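Have a look at the structure below, then the notes.
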Amino acid sequence: MSIYLNSHSYYSLRYGTMAVETLVEKAAGVGIEALALTDINTTMGMVNFVRSCQAHGIHPMAGAEFRSGDRHLYTGIARNPDGFRELNDVLSFHNEKGFPLPDRAPQLDNVWFIYDFTENPWKGDRGRQGPKLREQELIGVRPGEVNRILTSPWSKDQSRLVVRHPVTFLRKEDHALHRHLRAIDHNILLSQLKPEQAACDSEVLLPPDLLRCAYEDYPRILMNSRRIVEDCWMDFDFTSVKNKKTFTGKRADDRVLLEKLAMDGMEYRYGTGNREAEKRIRHELEIIDRLGFSSYFLITWDVIRYSMSRGFYHVGRGSGANSIVAYCLRITDVDPIDLDLYFERFINPKRSSPPDFDIDFSWKERDQVLDYIFKRYGHKHTALIGTISTFRDRSIFRELGKVYGLPKEEIDLLVREPGNKFNDSRIISRIYEAGSRLMDFPNQRGIHAGGVLISEEPLTAYTVLDLPPKGFLTTHWDMYTAETLRFEKLDILSQRGIGHIKESTEIILRNRGIKVDVHRVDVFKKDPAVLEQLRTGETNGCFYVESPAMRGLLKKLRCDSYRGLVAASSIIRPGVAQSGIMREYIHRFHHPHDFEYLHPIMEQQLKETFGVMVYQEDVIKICHHFAGLDMADADVLRRAMSGKFRSGKEFERIARKFFENCRERGYPDELAGEVWRQISSFAGYSFSKAHSASFAVESFQSLYLKTHFPLEFMTAVINNFGGYYHTRVYFNEARRKGAQIHLPCVNRSAYMTSLYVTDLFIGFVHLQHLETQSAELLVAERDRGGEYRCLEDFIRRVPMGLEQLIILIRINALRFTGKSKKELLWDAHLILGNRQKKAPMQELFPVKKRDFAFPELEQTVLENAYDEMELLGFPVTVPSFELLQTSYRGQIMAREMLLHVGKKMRMVGQRVTVKHVRTRHGQWMNFGTFLDAEGEFFDVVNFPDSLKRYPYKGEGIYLIYGEITEEFGFPGLTVEKMAKLPFKPDPRY
């Protein structure tokens, strides 16, 4: 039997040089019968390793190589799955606690530990009996160390010696790639890499006969090694679901509880006596129970129940919104009956990969929800899913450029312009050669955006766990390995849009005494004022519908319904839009009699979307109703076409069945072929209707709040950050809706932006360089002791250094004193002197300053504006346009564009955002969005030729000349010339 107890894959990050599958395939090719994978301080590749070994007829063994930095401590080989868990427990404990690994291995019942022959805890022991090892401690002898046995403490007794031939490369040439990885890991030049920082070039995959030859004089070593191989085995169960099996403790009780909650929820959602809803609920419950997913639904319900008890808002989205049970449990707010959603899109009996729920919470509350989940279900059974970032084009060039000592400028040129003639050198050739081999190698571990696992067995039965800075245990492997093991992840995500909604309702209740129930979406969908906002694209600040492209699409479609928004939310997706489907949909919307349906069934199933497949569910519907595939097969086909199983036997079987069914139904081959072409061209980038519907629900919640409480809503948008636009755009929107914008004030402002009726006071959080502690102390002291009476009173009560005080004075936050900024600056210097910092305690005695007679100190509006731009990023007391050297504001404003279609006009606008798009010919073009002098949006397009001659030159106000265009009622400007306009000089310098 072959003896390979120490092999590395590229999951030994920045060390190993081959994929797990490559290692196993090559091992099988040279006749290796048993193999141990022992990656460094991780077992993340073990699941793929075991599957690959089983496919190639190799006996798999699980292990890990324990290292402290570059120093090898010992290698652990699990005797069985219990030993694998023990290894994971040890590594997870040290990761969680931050303790260094001990020089001597811990005592574990089901693990063999192998130490170096020369570097081990007993290397100084020269006693006649040899070192005293525990029962499961062994000494590994490399082929090159065999001749040293005679002079070692093991010369008389070789009962503890085993073969140790580390495998890191397939061939010696791979050693160069390994050295590049080690230099990257140490962040040093390749020439600076020391021998002890890398593996020796002999760690290649040797044929078994050649390896045995090295030990032929010591048959006892071979016998010991075979005994270890025969004692060790590893396997995973790839068939059963690994999630927590029950919520109540018994599967039957789970089924009863889920049915009870679903039926109670049905009455809440549909009232009494809705037979259609009850029929669908019972159908879903039967499938959920049969597949063993009752606990998964109940755990998700439990999380929602907790969050609602805390007053947290959530949005349930993704394919989970296809489920009426999820709707009745209030996991989602999308009615699947209303939208004709298919449960089989979420779960079907033939689906090989598990479903998941996507639950969005406010970015401020997500961690509290995660904390509940970890405490409710136990740290041993709960973890976030990890991710594995790989070496890609830019990261490869940057990492290898540093390894070869290239200056930053040359690395930047290589990254930005790989084809540049200056990138032609011997070093660059080496970088390309090494980089081509590094492509897609794992580089670093990270954390999935929101995936959470709740397992029946402790998670260390499957993986090592890390404890990243966020403080939640995280798996070493990623979601794909989780799916392979048949875990169903629960996505607990965060987004700013929910924060907008929740804070809006809080401000409305505080300012107006009105309690808004944002879950009354059915009412919002029918509100004429909300629908008018939607139709006219007045969506700035509203979740998912505020981008320039989406605002344009809403206007082109004259979108004034929930269903219309659901469709728009899908066709705006990049793949759909770029394929031409979006344009065809808009055309058919405006010309509903200008096309023919391929077949009456296409009209019957796709009439709502004018014969265009807009959603992933459309693929299922057409496959089912047109070709006669059952729902489960139709969903498998959709998944295969979206990039999964495209070459699989299951896909081929269903594809044959599609065409066979079409022939049986008497369809001409041309018709079947065209339907198939449309399905296959669309399915790859289609969007779930349930996902679009979930987004549309949140959009309607935002739209309702903006329509009826615009100032409260915009305040919440500003305070939650993270919208599509820069914060100044949202302040502009608040001004459009009637707000008076005020600079920060020490007597009125809070840390966040605050609203008093129509007066909007900018929060201290927006002041650059103002320390959070200073701002919070200022507000806390005002709440405790009342408003500040003068500068001296402020300085006495707030422990703040001169530097921080100057920021407040320059933004005019002490204007209540009636003094100019220059007078206040003079006083501040007199009182505080050169004290840049001040201890966090109040003055014990009244602050006094000497009085002087000041000359008139002039403070201009322009100086104030430049202070505001420096400290806030935008002017407040004067519009940006007033800072221009010219008074010209263009020939027309945005509101007049439709009156001048086809004409060439000059417009002046402040740049808001620019989207860069590469054409089919590899050239760049831009889509720009601007605000005119009246604060209204207009959109422009810069085609490659004009963009080369007149490029964007950063933020600012531009004079733009070009032709006014119109598409389905939405105006735009095609740029011919463009120039950035100069501001008046800064008078402060």
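No experiment lies behind these values; they were computed from the predicted model shown.
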Ionic contact status for [Y] with [X], cut-off 4.0 Å:
| X | Y | answer |
| --- | --- | --- |
| Arg376 | Asp371 | no |
| Asp70 | Arg182 | yes |
| Glu457 | Lys244 | no |
| Asp367 | Lys470 | yes |
| Arg171 | Asp174 | yes |
| Arg85 | Asp89 | yes |
| Arg366 | Asp360 | no |
| Arg392 | Asp440 | yes |

Any side-chain donor-acceptor pair under 3.5 Å between [X] and [Y]?
| X | Y | result |
| --- | --- | --- |
| Thr387 | Asp478 | no |
| Ser294 | Asp254 | no |
| Asp185 | Gln197 | no |

May I ask you to test the Ile114-Ile77 pair for a side-chain heavy-atom distance under 4.5 Å?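 The answer is yes, as the side chains (C-beta and beyond) meet within the 4.5 Å cut-off.
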According to ring pair (Phe, Tyr, Trp, His ring centres under 6.0 Å), who are the partners of Phe472, at least two apart in sequence or on a separate chain? Phe374
Just to verify, which of Lys132, Arg160, Arg104 counts as forming a salt bridge (charged side-chain N to carboxylate O under 4.0 Å, His left out) with Glu137?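 The option that passes is Arg104.
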Should the ring pair [X] and [Y] be called parallel, tilted or perpendicular, given that the plane angle runs from 0 to 90° and is split at 30 and 60?
| X | Y | answer |
| --- | --- | --- |
| Phe99 | His94 | perpendicular |
| Phe66 | Tyr74 | tilted |
| His180 | Tyr404 | tilted |
| Phe312 | Tyr306 | perpendicular |

Residues passing the side chain to side chain donor-acceptor pair (under 3.5 Å) test with Thr300, sequence neighbours excluded, are none
Phe84 and ring-ring contact (aromatic ring centres under 6.0 Å, His included): which single residue from Tyr462, Trp233, Phe236 fits? Phe236
Shortest non-hydrogen contact from Leu211 to Pro143? CD1-CG, 4.0 Å
Pairwise distance OG(Ser295) to CD(Glu456) - rounded to 0.5 angstrom: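 Reported value, rounded in 0.5 Å steps: 8.5 Å.
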Hey, do the aromatic rings of [X] and [Y] have their centres closer than 6.0 Å?
| X | Y | result |
| --- | --- | --- |
| Phe391 | Phe441 | no |
| Tyr11 | Phe49 | no |
| Tyr296 | Phe357 | yes |

